[in-house]
Protein chains: 2
Amino acid sequence: MQNLLRNFKVVIHEKLYLKDPETSELGKKIVGESILLIDEIGFESFTFKKLGARISSNESSIYRYFENKHKLLLYLTSWYWGWMEYKLVFQTANIANLNVRLKKAIEVLSEEIQEDTNISHVNEKILNAIIINEYSKSYLTKEVDHENKEGYFAIYKRLVGRFETIIQEAQPNYVFAASLASTVIEGVLHQHFLKQHFPSLTTCNKHTAPQQFFTDLVFSTLNLKEYE
Amino acid sequence: MQNLLRNFKVVIHEKLYLKDPETSELGKKIVGESILLIDEIGFESFTFKKLGARISSNESSIYRYFENKHKLLLYLTSWYWGWMEYKLVFQTANIANLNVRLKKAIEVLSEEIQEDTNISHVNEKILNAIIINEYSKSYLTKEVDHENKEGYFAIYKRLVGRFETIIQEAQPNYVFAASLASTVIEGVLHQHFLKQHFPSLTTCNKHTAPQQFFTDLVFSTLNLKEYE
DNA sequence: TTAAAATTAATAGTATTACTATTATTATTG
DNA sequence: CAATAATAATAGTAATACTATTAATTTTAA
């Protein structure tokens, strides 16, 4: 995994940035540090001015890379889902047994990111924390239809589609595969959030991971046995 | 239902407002019109100044009722979940059969609000649209733990708890009742959103309602038959 | 009925945000 | 070494999210 990821670069919609942040040190710093800063102070309080101060750079220099903070968020979330897609594809490839593959897919999608893989300037563990807290804000906007048409959510949609296929192949009779796929991917984020802030609303805690809940949910719904 | 609702008033945490908007015409106008305006322009673009212009009142007068627009959103969402709780309790009361009761609960929680009941200055159909688009923003904040401690999410938590109980009573062996309850309630909003903006990510459309998906999901998961 | 109290409206003002524009400086490359 | 590209610095703007003060109006209670 480590090795495979070494040559990994997420291809992100080029309208999401003005200048590709991967092509310069400043760009990488903007991406890397914005993740840390958004995690610390939250997306609402995050500004390019504060980020500039933090990386000893200027507000206006950041505007050379990203039009505004919303586009930066779309960039970061695309990166995350692209990385997740990569993990999903690699970790489920070559698993012949459809049930085992489905189980693995749920595992990849729902496991907590424990470590930064150090493959890049991106801290995946903290990026995961941001996704849990901020992802919804990237699409719960009045511009969503326009931005969707532009293709800004393409990676996420492709990921949901891949998971839908894995579900459908494991149980061809099931008619709600798309909804189940999107419910699980969204639900995973939600359960992680509840675990941290509303423990009474979730069964998940130190001993029970979202993975267990969703594995049980999907296999029961599809009327499949986890081991066979 | 109409009649029962006539004497209905949601009891909302008193720290969510500075002056109870139910006690004056201006207050009711603020609540009623804020729903319409947020629906029209989205929560991000919504300001008290714009609302003031719309109700031919002054920005500063609105500040007499609500500290800021975040508190107003918490007020509106509390109202919505309180109304939902009321519907849930009434519509599931006196249903002896536990499976039938569970099915009814899912129906109440997932059905599309078709009509404004005209019981108040609140347009429930539009409020429902707001909840779909904006509810997450009320808790995906850095202040969530503090606000949760204050009790601002009490009504929502009580609703999830009630649904959890209905699930647990229908299937006492099931160990993930809390997570299933929160997943369904959150998932319903998400599926309604996807239906409108990302049709490829959901099975729900004109012919298939979220209700069908979630009814199937819950009954399969709990290993119960819908009719028996 | 009238005076006090409460409510609402109007005006002004502030710090911050989310930018844009311009120019100067520094680094890179051909 | 010169041209070009990238970055930094400075300044400025309209809008936002408020606060404070005072004035006008309405409500209530003696």
Side-chain angles (χ1 to χ4, degrees), chain A residues 14-34 37-38 40-76 121 134 137-138 140-143 146-147, chain B residues 14-34 37-38 40-76 121 134 137-138 140-143 146-147:
Chain A
E14 55 173 26
K15 274 200 183 170
L16 288 181
Y17 48 78
L18 297 169
K19 176 183 154 85
D20 187 349
E22 293 289 327
T23 62
S24 78
E25 276 314 305
L26 178 64
K28 287 175 193 169
K29 236 171 153 183
I30 289 170
V31 170
E33 289 291 322
S34 69
L37 187 54
I38 291 171
E40 279 172 33
I41 65 176
F43 188 66
E44 279 72 36
S45 301
F46 172 86
T47 69
F48 281 0
K49 197 168 194 171
K50 288 176 188 168
L51 179 60
R54 195 182 164 111
I55 60 177
S56 312
S57 180
N58 200 275
E59 190 190 7
S60 54
S61 303
I62 301 166
Y63 276 106
R64 297 254 153 173
Y65 286 85
F66 295 100
E67 238 177 289
N68 50 52
K69 69 176 185 173
H70 173 66
K71 286 272 174 81
L72 171 60
L73 181 62
L74 287 171
Y75 180 92
L76 296 177
H121 45 290
E134 322 289 0
K137 298 172 193 168
S138 75
L140 293 176
T141 68
K142 279 286 160 188
E143 295 76 34
H146 170 250
E147 294 185 347
Chain B
E14 55 173 25
K15 274 199 182 171
L16 288 180
Y17 48 77
L18 296 169
K19 177 183 153 83
D20 186 350
E22 294 288 328
T23 61
S24 79
E25 276 315 305
L26 179 62
K28 287 177 193 169
K29 236 172 155 184
I30 289 171
V31 169
E33 289 291 322
S34 67
L37 187 54
I38 291 172
E40 279 171 34
I41 65 176
F43 188 67
E44 279 72 35
S45 301
F46 171 87
T47 68
F48 281 1
K49 196 169 194 171
K50 289 175 187 167
L51 178 60
R54 195 181 164 111
I55 60 177
S56 314
S57 181
N58 200 275
E59 191 191 7
S60 53
S61 302
I62 300 166
Y63 276 105
R64 297 255 151 174
Y65 287 84
F66 295 100
E67 238 179 289
N68 49 52
K69 69 176 185 172
H70 173 68
K71 287 272 174 82
L72 171 60
L73 181 61
L74 287 172
Y75 180 92
L76 296 177
H121 46 289
E134 323 288 359
K137 299 171 193 169
S138 76
L140 293 176
T141 68
K142 280 285 160 186
E143 295 75 36
H146 170 249
E147 294 185 347

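Convention: sequence-line order gives letters A, B, ...; per-chain numbering from 1.
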Near-strand residues of residues 61-76 of chain A, defined as heavy-atom separation under 4.0 angstrom from DNA chain D
A:S61, A:R64, A:Y65
Length of the line joining A:I55:CD1 and D:dA9:P, which is rounded to integer Å:
12 Å
5'-most by nearest nucleotide on DNA chain C - B:E25 or B:E59:
B:E25
For a 4.5 angstrom cut-off between non-hydrogen side-chain atoms, does A:L51 reach A:K69?
no
Is there a side-chain contact between B:K50 and B:S45 in this structure, where contact means two heavy atoms from C-beta onward sitting under 4.5 Å apart?
yes
Value in whole Å for how far the C1' atom of D:dA6 lies from CG of A:L26
9 Å
In whole angstrom, give the distance that lies between atom NZ of A:K29 and atom C1' of D:dA8.
13 Å
Does B:K49, at its NZ atom, have more than 12 non-hydrogen atoms belonging to other residues, nucleotides or ligands within less than 6.0 Å?
no
Report yes if the side chains of A:H121 and A:E22 come closer than 4.5 Å at any heavy-atom pair, otherwise no.
yes
Calculate the interatomic distance between A:K28 atom NZ and D:dT7 atom P; express it in whole Å.
12 Å
Could you give me the CA-CA distance, side-chain angles and deciding distance for A:E134 and A:L76, then say whether side-chain contact (heavy atoms from CB on, under 4.5 Å) is met?
CA-CA 10 Å; A:E134 322 289 0; A:L76 296 177; over 6 Å; no
Of the nucleotides D:dA6, C:dT11, D:dA9, which one has an atom closest to the side chain of A:K19?
D:dA6
Between A:L26 and A:S61, the two heavy atoms sitting closest are CD2-CB, 4.1 Å
Find the distance B:N58:CG to D:dA24:C1' and express it as a whole number of Å.
13 Å
May I ask you to test the B:Y65-B:V31 pair for a side-chain heavy-atom distance under 4.5 Å?
no
Under a 4.0 Å heavy-atom cutoff, the residues of residues 44-53 of chain A touching DNA chain D are none
Would you say B:S24 reaches C:dT8's phosphate, i.e. side-chain N/O to OP1/OP2 under 4.0 Å?
yes
A:K137/A:E44 ion pair, N-O < 4.0 Å
yes
Atom pair CG/NZ of B:D20 and B:K28 - distance to nearest 0.5 Å:
9.5 Å
Separation of atom CD1 in B:I30 from atom C1' in C:dT7, rounded to whole Å:
12 Å
Run through DNA chain C and report every stem of 3 or more consecutive Watson-Crick or G-U pairs, distances under 3.5 Å, ordered by first number.
C:1-30 with D:1-30
Does the plane of the ring in A:F46 sit parallel, tilted or perpendicular to the ring in A:F43? Use 30° and 60° as the thresholds.
parallel
Would you say that B:K71 contacts B:Y75 through its side chain, given a criterion of any heavy-atom pair below 4.5 Å between the two side chains?
no
Using a 4.0 Å heavy-atom cut-off, does B:S57 contact any base of the nucleic acid, only the sugar-phosphate backbone, or nothing at all?
sugar-phosphate
